[in-house]
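Below is one structure, written out as C-alpha cells, with a few remarks after it.
Residue numbering restarts at 1 for every chain, and letters A, B, ... go by the order of the sequence lines. This is a predicted model, so every value here is computed, not measured.
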Protein chains: 2
Amino acid sequence: MAKQTPTLEHVAKLAGVSQMTASRALNGRPGVSRETRDEVLRIASDIGYVVNRTAQKLSGGRNGIIGIITPTLDTQFSSELILGAGRAARGAGCEMLVYTVFDEDRHTHHDLLGLIQQFSDGILAILPRESLCLEALATAKVPVVVVDQRGTLTGFPSVSVDNYGGACLAVEHLAQLGHKRIAFLAGDETIEGVRDRQRGYRDTLARLGLPREDSLVAAGDLSQMMAFDVTFDLLDLAEPPTAIFTANDQSAFGVIAAIREAGLRVPDDISVIGFDDIPMSEQFHPALTTIRQPFQQMARSAVNTLLAQIAGIGAASQRITLPAELVVRDSTGPVRTKQRRRARHQIVST
Amino acid sequence: MAKQTPTLEHVAKLAGVSQMTASRALNGRPGVSRETRDEVLRIASDIGYVVNRTAQKLSGGRNGIIGIITPTLDTQFSSELILGAGRAARGAGCEMLVYTVFDEDRHTHHDLLGLIQQFSDGILAILPRESLCLEALATAKVPVVVVDQRGTLTGFPSVSVDNYGGACLAVEHLAQLGHKRIAFLAGDETIEGVRDRQRGYRDTLARLGLPREDSLVAAGDLSQMMAFDVTFDLLDLAEPPTAIFTANDQSAFGVIAAIREAGLRVPDDISVIGFDDIPMSEQFHPALTTIRQPFQQMARSAVNTLLAQIAGIGAASQRITLPAELVVRDSTGPVRTKQRRRARHQIVST
DNA sequence: GTGAAAGCGCTAACAT
DNA sequence: ATGTTAGCGCTTTCAC
C-alpha cells in the first residue's frame, strides 16, 4: 500500500548522517557543511519528505506556523485581512492556520487558545470588538498581535488603521462639496474602531462649525439591512441631511438602497460615503466613495510584528496605526442648492 | 511567572491515578469506574487542563480536529460553507482548522497536504474546480471529503448541490413568466458545478422549445465586474434577451448594474436570476431571485460524511447531492409584451 | 478496572 | 562539523 510517510529518520539514513545533522540541514541551521546540506536536501526532496510540524512543535521548537483567530469569516473585512496575512506569512516562509471563534463562551475561549498555541508559534487576533477572547489571550504562552484594535487595554502589540483620521477625511470631503447637514450612520458600539470613526465625525463637524444634531446620528449595526431600515428615519427628518457618512461600506449599500427606494438619487440628491473600501465597493453602482483601509499593508505589518515577537525582537507594546485614505468615486457629489428633495413627503407635509 | 501549562501528568498525579487512567477518563473510553472518571474530570477542569492535540496526534491517535482546505476565503460562497462546517464540527465535538491554498504550485500542495494531515483526523476540501490540489489529496493518509464537486473523477466521497437541477428550476421559472429569449451568463469553465448549470440551462431550453442561440450565452468568470462588462454584449443584440440567468449571484449583481447603466429596469425590462443565494442577494436592490444552495446542510452533510469516514464506517465513494431551491424575489417578473426596450439603441438602428 | 513500558517525530543540550 | 541522549505529552500495547 501507500508507503510510510517519510520521516527525518529515513532522510538521515539515506544520507548516511545522524538525524540531528539532517535536521540542521533541513532547517538551514549552521553547523553543517555545504556538501552534507545539499545532499540531505536532495534526498529529502527525492523521497518527498515533509517535516512533521506536530512533532516539531511538541519537541519544544518552532514550527513556522502562525495561527489566526477571527470571530467570523463572513465579512469581506476579515477575509481581506486573512488573505493579506496569508500572503505575508508565505512570503516569510511561514504557514498559516485559521481558527474561527464562534460564541462568547469563556470556557470555549480557554480551550481554543490552548489549542491554537499548541499548533503555532504565534497568534494573530483579528478582534475588532472587545471580546472575552482577549481575556483568554492574556494567558497565552506564545506571542500575540492584535489587528484592528489599538492595544490600549489589551497590552498586546497592535496594528490598526487610523479610524479617527479616516472619519475626519470623510467629513472634510463632504464639507468641501458644500454639504452642511451631514448625518452619520453609526455601527456596533462595542467595536473600538467604529467608536473612533464616530468621534472623528463629531469632532470634525465641530471644527468646521457644522450642525451637530443628535437626530443626524442614526444607530446601525454595520449590516446592510439595518442600514436600509434606519435610513428612512434620516430621510424623514424635517430637515434631512444632504450627505450620509456610514460606519462601514456594507452599511452604505443599505443606505443607498433606501435612498433609491425613497425615490431619490445618489449622489444627485444625497451623497453617501462609506468606510473600509471592500472589493464590492468599487463594483457597486454607483461606485462607492469611501475611506480605504489598507488591508494588505495592515496584514503584512501585523505578520511582521508577530514574527518579530516570535524572534524575540520588537517592542512588547508596539502600536502601529496605518493611515486611512479617501477614495473618491461616484456616490458623493456637490450639494444641491435647490431644495426639492423628497417630493413624496413634501406633499404629505403640505 | 505563568504556571506551566497543565499536562496529563499533572491531572493524573492530582487524581492519584496513572496517566493511562486519566487519559481514558478524559476521552470517555471504557475501562474506568464512574467515580474515578468523575474525579479526573473534576480535577482536569479545576486546573484548566486542555489536552495537547499535537501530542495526541503524534502518538498515533485521533485529535478531534478536522481540517478544511479552501482555495480562498474571499467569496461569500466559501465563507458560508466554512461557517456551516464549523458549526457542524462543534456540534460533533470537533474543532476545525482552516487552511487556505493560494497558488497552483504542485510542490506547495504536497507540503500543505502533509501539514494539514499531521494536524487533523480528516480533511474537508472545498474545491469547486479541478485543482492540482486533488492530485495531492489522492495520497492523503487521512480521510478526505470533497465539497462542491461530485467525486466522479476524484474517487472521494463528495457533497454537492444539484447544480443541474437548480439550473432547470431557474429556466423553468423564467419560462413560466413568459420569457422566451433567455440568456445565460456562464462562469468559469473549470468549475464542474458551473458547467452543470450551463447544461441545465441548455437542456431545459431544448425541452421547452425555447431559442438556443450561441449569442445568448455570454462568457463570464463569476465576478461582478466581468458580468457588468459582458452584459452589454447581450443588450446590444439585435434581439436582446428578456431574461438573464447567471452562473452565480455575484455575476447577477454585475448584470443588474449594467442593465441599469443602459437605462433599463429590473425586472420591468429584463428579469435576472442568479445562483447561490448568498446573504447579499436578499439585501440587494432589487432583492435577487435566485437558486439557493443549502450551504448549512451541505456543510453539515460533509462533516458527517467525513466523521463517518474517520470512524471507519460509511461507504468510500458516497456521493451526496442536495436539492437546490428556487427563491423568488424581486429581480424577475413577467415578460413585457410591448417591445420598447433600449430606446437609445432603437434610435441608432432607425 | 487499572498500570507500566514503549514510542510517535522531532529538536534542545551536551557531547565529540 | 557531526553524533548521542533525553524528552516534549500523549496513546498504544500488554500486563495485572
Side-chain angles (χ1 to χ4, degrees), chain A residues 3-41 44 47-65 111 114-115 117-121 141-142 310 312, chain B residues 3-41 44 47-65 111 114-115 117-121 141-142:
Chain A
K3 271 207 302 282
Q4 197 60 41
T5 309
T7 71
L8 184 60
E9 191 186 351
H10 301 142
V11 177
K13 274 216 175 92
L14 287 174
V17 297
S18 73
Q19 289 195 31
M20 215 38 240
T21 300
S23 170
R24 284 192 264 254
L26 289 165
N27 294 322
R29 304 284 192 78
V32 190
S33 72
R34 233 179 101 46
E35 298 158 3
T36 313
R37 179 182 309 269
D38 290 348
E39 175 68 358
V40 169
L41 258 31
I47 65 174
Y49 170 76
V50 178
V51 63
N52 186 326
R53 302 194 186 249
T54 269
Q56 214 169 20
K57 195 68 194 167
L58 186 58
S59 74
R62 308 217 177 107
N63 67 354
I65 292 187
D111 287 4
L115 187 153
Q117 68 187 345
Q118 290 159 5
F119 285 101
S120 58
D121 294 343
K141 287 179 169 54
V142 296
I310 292 171
Chain B
K3 271 207 302 283
Q4 197 60 43
T5 309
T7 70
L8 184 61
E9 189 188 351
H10 301 142
V11 177
K13 275 216 175 93
L14 287 174
V17 296
S18 72
Q19 288 196 31
M20 216 34 243
T21 300
S23 169
R24 285 192 263 254
L26 258 3
N27 295 322
R29 304 284 194 79
V32 190
S33 72
R34 233 180 101 44
E35 298 158 4
T36 313
R37 180 183 309 269
D38 289 348
E39 175 67 359
V40 169
L41 256 32
I47 66 175
Y49 170 76
V50 178
V51 62
N52 186 325
R53 302 194 186 250
T54 270
Q56 213 167 21
K57 195 69 195 166
L58 186 57
S59 72
R62 308 220 176 104
N63 67 354
I65 291 187
D111 286 3
L115 187 153
Q117 68 186 345
Q118 289 158 6
F119 285 99
S120 58
D121 294 342
K141 288 180 171 52
V142 297

Quick check: closest heavy atoms across [X] and [Y], and the distance to 0.1 Å?
X       : Y       : result
A:Ile65 : A:Arg53 : CD1-CD, 3.5 Å
B:Ala22 : B:Val17 : N-CG2, 4.1 Å
B:Arg29 : B:Arg37 : O-NH2, 2.8 Å

When rounded to the nearest 0.5 angstrom, what distance separates [atom1] in [X] from [atom2] in [Y]?
X       : Y       : atom1 : atom2 : result
B:Gln19 : B:Thr7  : CD    : OG1   : 6.5 Å
B:Leu58 : A:Asn52 : CG    : CG    : 6.0 Å
A:Ser18 : A:Arg24 : OG    : CZ    : 6.5 Å

Per-nucleotide protein contact string for nucleotides 7-16 of chain C, where B marks a base within reach and S marks sugar-phosphate only (heavy atoms under 4.0 Å, - for neither)
BBBBBBB---
Step-by-step side chain to side chain contact (heavy atoms under 4.5 Å, CB included) determination, A:Leu26 to A:Tyr49:
CA-CA 10 Å; A:Leu26 289 165; A:Tyr49 170 76; 3.5 Å; yes
Check whether B:Gln118 reaches the backbone of A:Val51 with its side chain - one donor and one acceptor, N or O, closer than 3.5 Å.
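Checked: pair present.
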How bent is the helix from C:dG1-D:dC16 to C:dT16-D:dA1, measuring the angle between the end axes built from five pairs each, rounded to 10°?
30°
Out of the candidates A:Lys57, A:Arg62, A:Lys141, only one should pair with A:Asp121 under the salt bridge (charged side-chain N to carboxylate O under 4.0 Å, His left out) rule; please name it.
A:Lys57
Working note: A:Val40 + A:Val11, criterion side chain to side chain contact (heavy atoms under 4.5 Å, CB included); need CA distance, chi angles, decisive distance, verdict.
CA-CA 7 Å; A:Val40 169; A:Val11 177; 4.0 Å; yes
Walk along DNA chain D from 5' to 3' and tell me the first and last nucleotide with an atom closer than 4.0 Å to a non-hydrogen atom of chain A.
D:dA1 to D:dG9
